[in-house]
Amino acid sequence: MARKPFIAGNWKMNKTIDEGIALVNELKILVGDVADVDVAVCPTFVALAKVGDAIKGSNIMLGGQDTFWKESGAWTRQIAPSMLKDAGCQWVIVGHSETRGRFGTVDAELESVLSYFGESDTTVNMKAKAAFAAGMTPIIACGELLAEREAGQTDQVIVGQMKIDLAGFTKEQAMKMVIAYEPVWAIGTGKVCDSDEADRVCGLIRGVVKDMYGADVADAVRIQYGGSVKPDNAVELLGKPNIDGALVGGAALKSNDFAAIIKAAK
Ligand code: PGA
């Protein structure tokens with residue numbers, strides 16, 4: 001089955017509201033005519049609604065960077081899936097290594113406050129289910145640390161995460177979900193994963209999906225690679241059979257770079 005490429009930009013904690021609007025206005029000019037690639041931007045929570053207004057009627061879709069799994073109530077600082085949907089989101093990233101508290105490099109200051117970030121595969125799974133229930137589609141991120149890769153544990157880590165993160169969806173939901181393979185050591189470091197190895201791990205993930213949901217779902221599900229995707233490595237990565245798109249951080253903050261990556265997916 002031909003899977004439609006999907007390029008999503010994770011802005012992380014970058015861009016004011018005005019800067020975000022300016023960025024998507026540039027993107028509308030650069031990639032407004034691209035129909036054969038799905039494109040989404042994931043601004044900060046406070047910029048979602050206004051950036052969402054700016055992309056209305058265009059081919060650029062909106063995503064949140066995280067969600068909570070409850071719908072309302074006494075949950076100070078949390079954002080419900082229905083609130084993201086209300087702001088215009090069709091997508092939401094869950095389980096990014098930065099919300100799991102799994103960073104490529106941990107500085108001394110961060111080490112002492114690491115528990116602030118931690119979430120488990122169970123919460124990632126609850127968030128993904130809540131996203132579906134609210135009418136959005138989750139982009140479910142997974143990835144191994146450098147120490148895990150060096151210890152030869154990559155496959156075991158990825159399979160372990162996926163089995164919990166992806167559990168209990170309906171077949172229809174599983175068909176729609178997007179998975180992002182993001183080796184933690186490649187995020188924001190400029191160290192891109194070798195394209196054959198990225199393709200191999202994405203294939204491994206597809207195999208887990210096949211075991212859990214069957215061959216038809218495994219064939220339909222889109223798996224993105226993320227971690228230092230740039231215009232100069234995008235063609236190579238996106239040309240691989242098991243890589244159906246990219247989750248882009250740093251390069252999604254510049255309209256020309258993000259547009260070049262989208263065009264590389266065509
Ligand atoms: P990067 O981030 O492209 O800056 O490496 C990717 C991500 O964290 O999604």
Side-chain angles (χ1 to χ4, degrees), residues 1-12 14-15 20 23-43 51 55 58-63 65 90-91 93 96-98 104 137 139-144 146 149 154 158 177-206 220-266:
M1 177 195 275
R3 295 180 291 267
K4 189 176 185 183
F6 180 23
I7 307 294
N10 175 8
W11 293 1
K12 307 191 179 183
N14 295 291
K15 303 285 178 194
L23 175 56
V24 291
N25 282 338
E26 289 165 18
L27 286 174
K28 283 195 284 184
I29 295 166
L30 293 167
V31 296
D33 60 345
V34 172
D36 41 8
V37 180
D38 279 340
V39 178
V41 294
C42 305
V51 170
I55 57 179
S58 80
N59 58 334
I60 302 168
M61 298 180 282
L62 194 67
Q65 296 178 13
Q90 285 170 259
W91 303 95
I93 300 167
H96 192 281
S97 62
E98 288 153 15
T137 306
I139 299 171
I140 303 162
C142 64
E144 83 287 358
L146 182 60
R149 172 161 287 270
T154 298
I158 299 298
M177 69 183 174
V178 172
I179 299 165
Y181 168 55
E182 299 207 304
V184 179
W185 48 271
I187 295 177
T189 56
K191 281 185 218 148
V192 66
C193 184
D194 171 74
S195 59
D196 285 328
E197 173 60 9
D199 186 54
R200 186 192 71 78
V201 180
C202 289
L204 175 78
I205 293 168
R206 205 176 294 287
V221 77
R222 291 185 291 181
I223 304 177
Q224 299 172 320
Y225 166 79
S228 297
V229 177
K230 306 286 177 210
D232 63 2
N233 58 30
V235 173
E236 162 93 20
L237 286 160
L238 295 167
K240 295 292 170 187
N242 274 306
I243 301 178
D244 307 313
L247 184 54
V248 186
L253 301 174
K254 292 190 196 125
S255 56
N256 282 319
D257 286 357
F258 194 51
I261 294 168
I262 291 162
K263 287 182 179 159
K266 272 162 80 94

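Index from 1, following the sequence.
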Which atoms form the tightest heavy-atom contact between [X] and [Y], and what is the distance?
| X | Y | answer |
| --- | --- | --- |
| G9 | A252 | CA-CB, 3.5 Å |
| C193 | L237 | O-CD2, 4.0 Å |
| I55 | I60 | CD1-O, 3.3 Å |
| L27 | A259 | CD2-N, 4.3 Å |
| F258 | A40 | CZ-O, 3.8 Å |
| A186 | K191 | CB-O, 3.0 Å |

Checklist line | The single option from V34, I261, V41, V31 passing side-chain contact (heavy atoms from CB on, under 4.5 Å) against I7 | finding: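 Of the listed residues V34, I261, V41, V31, the side-chain contact (heavy atoms from CB on, under 4.5 Å) partner of I7 is I261.
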Flag side-chain contact, heavy atom, 4.5 Å: K240 against E197 | no
ask   = Is there a side-chain contact between V178 and I140, using heavy atoms and a 4.5 Å cut-off?
value = no
Distance, nearest 0.5 Å, that separates [atom1] of [X] from [atom2] of [Y]:
| X | Y | atom1 | atom2 | answer |
| --- | --- | --- | --- | --- |
| W91 | L62 | CH2 | CG | 12.0 Å |
| I262 | L30 | CD1 | CG | 8.5 Å |
| I205 | C142 | CD1 | SG | 4.0 Å |
| C202 | I158 | SG | CD1 | 9.0 Å |
| K12 | L253 | NZ | CG | 9.0 Å |

- Task: For K4, look at atom NZ and say whether over 12 heavy atoms of other residues, nucleotides or ligands are found less than 6.0 Å away.
- Result: yes
Expected output: side-chain Q90 to main-chain M61 donor-acceptor under 3.5 Å: no
| task | Please check if any side-chain donor atom of E182 sits under 3.5 Å from a side-chain acceptor atom of H96, or the reverse. | result | yes
Report task. Not counting sequence neighbours, list each pair that qualifies as a salt bridge (Lys or Arg N to Asp or Glu O under 4.0 Å) and has a residue in residues 257-266. Result ->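 Output for this query lists D36-K266.
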Which residues share a side chain to side chain donor-acceptor pair (under 3.5 Å) with N59, sequence neighbours left out: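 With neighbours one apart ignored, the set is empty.
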| task | Using side chain to side chain donor-acceptor pair (under 3.5 Å) as the criterion, list what pairs up with K28, not counting sequence neighbours. | result |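 For K28 the side chain to side chain donor-acceptor pair (under 3.5 Å) partners, ignoring immediate neighbours, are N25.
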In short, side-chain hydrogen bond (donor to acceptor under 3.5 Å, both in side chains) pairs touching residues 222-232 with sequence neighbours left out are D38-R222
Only distances under 3.5 Å count here; give the side-chain donor-acceptor pairs of residues 242-250 to other protein atoms, sequence neighbours excluded, each with its distance to 0.1 Å.
{"from": "N242", "atom 1": "OD1", "to": "R206", "atom 2": "NE", "distance (Å)": "2.7"}
{"from": "D244", "atom 1": "OD1", "to": "R3", "atom 2": "NE", "distance (Å)": "2.9"}
{"from": "D244", "atom 1": "OD1", "to": "R3", "atom 2": "NH2", "distance (Å)": "3.4"}
{"from": "D244", "atom 1": "OD2", "to": "R3", "atom 2": "NE", "distance (Å)": "3.1"}
{"from": "D244", "atom 1": "OD2", "to": "R206", "atom 2": "NH2", "distance (Å)": "2.7"}
{"from": "D244", "atom 1": "OD2", "to": "I223", "atom 2": "N", "distance (Å)": "2.9"}

Hits for ring-ring contact (aromatic ring centres under 6.0 Å, His included) against W11, two or more places apart or cross-chain, chain-then-number order -> none
Worksheet item: Under the side-chain contact (heavy atoms from CB on, under 4.5 Å) criterion, do V39 and F6 qualify, and how do the steps go?
Response: CA-CA 6 Å; V39 178; F6 180 23; over 6 Å; no
